[in-house]
Structure formats: C-alpha cells, structure tokens
Amino acid sequence: MSAPSSAGNILSLIGNTPLVKVDQLDTGPCELFLKLENQNPGGSIKDRIGLAMIAAAERAGLLGGERRHLVEATAGNTGLALALIAVQKGYRLTLVIPDKMSQEKIFHVKALGANVVMTRSDVCKGHPDYYQDLAERLAREENAFYVNQFENPANPLAHESTTGPEIAAQLGGKLDAMVCGVGSGGTMTGLSRYFAKAIPECEMVLADPEGSVLAGYVETGTLGKAGSWLVEGIGEDFLPKILDLSRVKRAYTIPDRESFETARELLCRSGIFGGSSSGTLVAAALRYCREQASPKRVCTIVCDSGNKYLSKMYNDFWMADQGFIDREPTRDLRDVITRHYADREVVTVQPGDALLVAYARMKLYDVSQLPVLAGGRIVGIVDESDLLLAAVDDEARFREPVEKVMTTRLRTVDVRTPIPELLPMFDAGLVPIVVDGDEFVGLITPIDLLNYLRRRMR
C-alpha cells in the first residue's frame, strides 16, 4: 500500500464532501442529488460551522490565551463538531443538550471529553430550563465563550463560502431547487445567499418537521404555536436571528413517521445511512420532485450519519413503541406485548444456563427479567433481584445454573384477559406472563402498557 501524498490533522478533512445522484427512489421527472455531509469527520454538516465559529472567535480575540472554555446549546451535532475541534485545540467544552437527544450522540460527545448538561425538551424559549437560555446563563456565570450558533454570523458564512460553492461546482452550476431544513438557520441562510448570486434561478425549499413553526411562517407570514416532534436537529419554535427565509417560497411539513420511513428506505434502497433530519429533507425533496410537470435538477442534504440513531429510528422496537410500525390488531393482550416469542423477539434463558449468562443478556438487551424456557414451555422467570440475592455474599454463584434461583411460581394470564386485571399484578411487583393455552406468547411490563396506551392517542 502506498503512503498518502500529504497529511493533515482531522480538521483538514472537513468539507469537500461527495454528492451523489439518487436512482433507486421515485423522483418523478426530476433528478435528485444528495450532498453527503455525513462524510465529514464528525459525521455531520455541523463540522463546517463548528470550525468556522471557533476560528472567527479566535480572530476576534474572544477565545484563546487564558480564555479556553466554550459553552454551547445543541441538539447534538453542533456539540459533536465543537467537541472534535476543541480536543484538537485544547479547549474545554460544556454542552447543554435537550433530553430528547439520542444516547449515541451523548455518549459520543462525552467520549470526546465534553461536559454535558442535560435539560428539558418540553419548554419553550424564555423558560429558564430552555436549552439556549440555560447555556447562555452558564457561559455568563463561568466567563466562558458562548458559541451561540443561532446568532453567530460565522454559521451562515461557512455555508455561503464552502457548502454552496461545492454544490454548484459538483453540479456544473445547473440546479433548479435546493431543499434545506432549519435548525439554527445557518444552512438555509448561507446557501440562499450564495445561490442568489451564483445560480439566481435556483428555488429554495424548506423541509420542516410537523410541530415546528417555520413552514407555517413561510406560508402565512405569522408564527403559530409550536407542537412536538421526534426528528432531531431541525425544526424550531422561534425564528433564529441568523435565519433568512426571504427567498423561500415553498415549504413542506413532514410528519415524524414519514421522516423515519424515508430515512430507512434510503438506507435499504440506496445504501445511504442518514439520520432523522436527513429523512425529513429527502421526504420533502421527493414530494417536490413528484409534483413537477417537467424535469428539474434538485439537491438536498444528508445532514448526519444514521449511526447516531441506531437506538431510535433504526430500532424496530422503538419504532413500534412510537406507533410507527403497524401490526395487525388482535384486540387482545398481544397488542400490548412489545416482544413476541413467536417472532423470536423475546430474550430468554434455559434452566441450565449459568447466572452469568442471564446477567449478560439482561445487560445487553436492557431488561430486568428473563423468562426461563425448556422445550418451548416457560418453566420459570429470573430477574435482577434473584441474581443479586444469589451473588451478594458469594460472587462464585454467578456460575450456578439459573434453575437454582429462578421463580417457578408463575402468574400466567390468558391473552384474552382484560387490561385492568393486569394492574394488581404490577402493583404486587409481578410481570404478567401471557399465554395462549399452553403456548407462551410474551411478557408485559408497565412500560409496555404505557406505550400501548400512548399509541392509542394517535
């Protein structure tokens, strides 16, 4: 293998991302191109603005020397970008993150050395726990540099000076529509300003999650009341100060379900592994393409990598819990069960398995109890307290078989049992074991029932 011709640090790899044409999805008469920002070293488009905002602060004398602490409010990806850059430059970083963000993002920024402050995602701007207000207050109290992507002019300038020119060059200056989402507003504003000069005929299109106020603002000129949404990184309940929507004449409101299904389809059919906001943007781009009467060249962005959402939209159980995967209703307790034994979804152990095996499966699958099966029949159940009582005085007992500690006094319920009859079992600390005759169907935990009741609200 030949040595590379030149080398630089990880920051030299930010930008100059590839652009690909989508051939596997129905784009109507149009050509759809995707700018793969998930190929940045931090895995998202936010690497560009992280680098630009820190560089601008250094040039202005706001960062560097004795002032080496940054604070930012982030949905995750800006935090990842800042953490990547801070560790290269020797800065300390505190991130304020809403509690709806995926665990993968949180683990990632912590692994890069950032200090994470979690706050509420159910409050609006002006509330003391709103993530931007909290970050600004922390920066003031600790005399740190508040990055403030929502008002920082270096944010849109990064896209005006890099992302836009790259797209124009890759498409030979021929582009009819650019589809963007809005988080901080930097991408939409920067690209809009660049294309106004370089490709003035290019139409700017907004992709907005259902619940955000931005699509309604484009359509009516007024700000409505924000709802809630599960897509991460885009959509807002206010107008960021750096946001310029003046060239946006068309907006699409995309429900969470459509966003997640589109992202999953993009992976299955095109092999492109995008995050939840990428699903929103591609869904909006596909709607735009299919509405056209004549061929157009359309571009949108794969904002970040899907590996940050493996526990969410790429997890079938999470999707089912949210009501985004439909199952044929049975109108009995099978509708409540999350993991069905017949579909090989239930994590089990056998009577002869060691307690260490049971412990490992509980940890791996994040469950607190396991059914014990022999010959396809449930013969017991083992939970965390059984393991704890066995091993607390002698860790060697982890090697003993499950059958020595499992509970054999089982409380089974028929699949046709009314839901209210489960409540006394939960109150007694029991896990209902659902059977259909002699056949084991699955377990029901309180969170399974809560998820079922919440799904019925939709």
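- Side-chain contact check for Glu384 and Ser368: no donor-acceptor pair (N or O, by modelled atom type) lies under 3.5 Å.
- Remark: side-chain polar atoms of Ser212 are paired, donor with acceptor, to backbone N or O of Glu236 under 3.5 angstrom.
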Chi angles and distances behind the side-chain contact (heavy atoms from CB on, under 4.5 Å) call for Glu403, Val372: CA-CA 8 Å; Glu403 61 190 350; Val372 185; over 6 Å; no
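- We find that Asp316 and Arg264 are joined by a salt bridge, their nearest charged nitrogen and carboxylate oxygen being less than 4.0 Å apart.
- Judged purely by atom type and a 3.5 angstrom limit, Asp176 uses its side chain to pair as donor or acceptor with the backbone of Arg297.
- The shortest side-chain heavy-atom distance between Met188 and Leu245 falls under the 4.5 Å cut-off.
- Rounding to the nearest 0.5 Å gives a distance of 10.5 Å between CE of Met406 and CG of Asp386.
- Looking at Glu258 and Arg287, a side-chain N of the basic residue comes within less than 4.0 Å of a carboxylate O on the acidic one, giving a salt bridge.
- Looking at Ser270 and Gln24, their side chains do bring a donor and an acceptor atom within 3.5 Å of each other.
- Between Trp318 and Phe324, the ring planes lie tilted relative to each other; the angle falls in the 30° to 60° range.
- Counting only N and O atoms by type, the side chains of Ser184 and Asn155 include a donor and acceptor under 3.5 Å apart.
- Of the N and O atoms on the side chains of His159 and Thr189, not one donor lies less than 3.5 Å from an acceptor on the other residue.
- A side-chain donor-acceptor contact under 3.5 Å links Asp99 and Ser121.
- Interatomic distance, Leu34 CG to Leu19 CG, rounded to the nearest 0.5 Å: 7.5 Å.
- With a 4.5 Å cut-off on side-chain heavy atoms, Ile10 and Gln88 count as touching.
- Looking at Thr445 and Asp448, their side chains do bring a donor and an acceptor atom within 3.5 Å of each other.
- Defined by atom type and a distance below 3.5 Å, a donor-acceptor pair is missing between the side-chain atoms of Ser311 and Gln103.
- Between Arg257 and Asp326 a salt bridge is recorded (basic side-chain N to carboxylate O distance below 4.0 Å).
- A search for side-chain contact (heavy atoms from CB on, under 4.5 Å) contacts involving Ser305 returns Asn38, Phe273, Asn307, not counting sequence neighbours.
- Ion pairing of Glu203 with Lys249 is absent here, as no side-chain N (NZ or NE/NH1/NH2) approaches a carboxylate O to less than 4.0 Å.
- Contact check on Glu232 versus Lys312 returns a salt bridge, with a Lys/Arg side-chain nitrogen under 4.0 Å from an Asp/Glu carboxylate oxygen.
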